[in-house]
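We're numbering straight along the sequence, starting at 1. Every heavy atom of this structure was used, including side-chain atoms; hydrogens, water molecules and symmetry mates were not.
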Amino acid sequence: MRDGVCRLCFKQAQLMRRPHYAMVLDEVSRCGQQLCFADMERRVRLMTPGPVRRRAEPSAMPSPVPLPVKHLQLVLFPPHGRDLRRGQEHGFLEVNAPEVAAALKAAASDYARRHGLEYFTAQGLDRGLRILLAIQDTPGAPIRASDVLLLRDLHLPARPLLKLLSQLDMLDDDRIPPVVPWFRELLADFPNRWPPN
C-alpha cells in the first residue's frame, strides 16, 4: 500500500498522469485499470513520443574570410621533406593570420557536427589545421595534400582534413597518382628511341 492505494492503482495513476500535474488517485478506478508487469511503464514511456527538445541555435558566426587568398609567397629554399614529429617535440610556430585560422576553425567545427564525428576526431581536425597553418608559407593559400598526409605521423585525421579542405577549395592536390610510378617502372625496360639501333 502506498498513499492508501494498492500498487496497481498507484501505477495506473502514474500512467494516466499528465505532465506537470499532480496524480489524481480517485479517477483511477473510474477509468478502469490495466494489469501491468514490473517495469512495463518504462517501455510505455519509451514508446510514447515525448516533447521535442529543440537545440539552441548556434550564435551567429562572423562572416568568413574569403579563402583561398589570391597571392602566393614564394620560398627561396623549399623544404624537401618535413618531419612534423620534431615540430611536435619543439613546438610549432604561432599562426600569424588569426582571421584565416578562425574561418578554418569554424568550418572544421561545422564539418564535424554535420558528419557526426567523435570528439577526439573533431579535436584532431582543429589541431591538424593549426599545424598546417603554422607550416604554411602563405596563410590562406591552398594547403598541399602532401603536407596534410604528413599529419598521419602525429596520429591526426588526414582523410577528413583532405575532404574538408577539398570542400572549401583550399586543397592543392599535389599527390602523384599511383598509376604514374607504375607506368614509369613499366616503361623503364623499353629503349629511349624507336626503332632501336
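- Listed here is the closest heavy atom pair of Ala122 and Ala112: CB-CB, 3.7 Å.
- Arg127 pairs by the side chain to side chain donor-acceptor pair (under 3.5 Å) definition with nothing, not counting sequence neighbours.
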Inset, instruction - Verify side chain to side chain contact (heavy atoms under 4.5 Å, CB included) between Gln167 and Tyr111, making sure each step is shown before the conclusion. - result: CA-CA 10 Å; Gln167 288 176 5; Tyr111 180 88; 3.7 Å; yes

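- Closest approach of Ala141 and Met170 over heavy atoms only: O-CE, 3.3 Å.
- With respect to Leu161, the side chain to side chain contact (heavy atoms under 4.5 Å, CB included) criterion is satisfied by exactly one of Leu151, Leu171, Asp147, Leu156: Leu151.
- Among all heavy-atom pairs drawn from Leu162 and Arg175, the shortest one is CD1-NH1, 3.7 Å.
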Show me the donor-acceptor pairs within less than 3.5 Å that the side chains of residues 100-110 make with the rest of the protein, sequence neighbours left out.
from: Lys105; atom 1: NZ; to: Asp126; atom 2: OD2; distance (Å): 3.2
from: Ser109; atom 1: OG; to: Lys105; atom 2: O; distance (Å): 3.0
from: Asp110; atom 1: OD1; to: Arg113; atom 2: NH2; distance (Å): 2.4
from: Asp110; atom 1: OD2; to: Arg114; atom 2: NE; distance (Å): 3.0

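- For the atom pair His115 NE2 and Leu125 CG, the distance stands at 10.5 Å (nearest 0.5 Å).
- Taking the side chain as every heavy atom from C-beta outward, Leu84 and Leu154 approach each other to under 4.5 Å.
- Of the inter-residue distances, the one linking Phe92 atom CZ with Leu133 atom CG reads 12.0 Å to the nearest 0.5 angstrom.
- Counting heavy atoms from C-beta on, the side chains of Ile135 and Leu150 never come closer than 4.5 Å.
- The structure places CD1 of Ile143 at 11.5 Å from CG of Asp174, a figure rounded to the nearest 0.5 Å.
- When side chains are defined from C-beta on, Ile176 counts as touching Pro181, because their heavy atoms get closer than 4.5 Å.
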Inset, instruction - Decide yes or no on side chain to side chain contact (heavy atoms under 4.5 Å, CB included) for Val180 and Arg184, but give the supporting numbers first. - result: CA-CA 6 Å; Val180 172; Arg184 286 181 184 153; 3.6 Å; yes

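- Here the closest non-hydrogen pair linking Val95 and Ala134 is CG2-N, 4.1 Å.
- With values rounded to the nearest 0.5 angstrom, Leu74 atom CG is found 9.5 Å from Asp137 atom CG.
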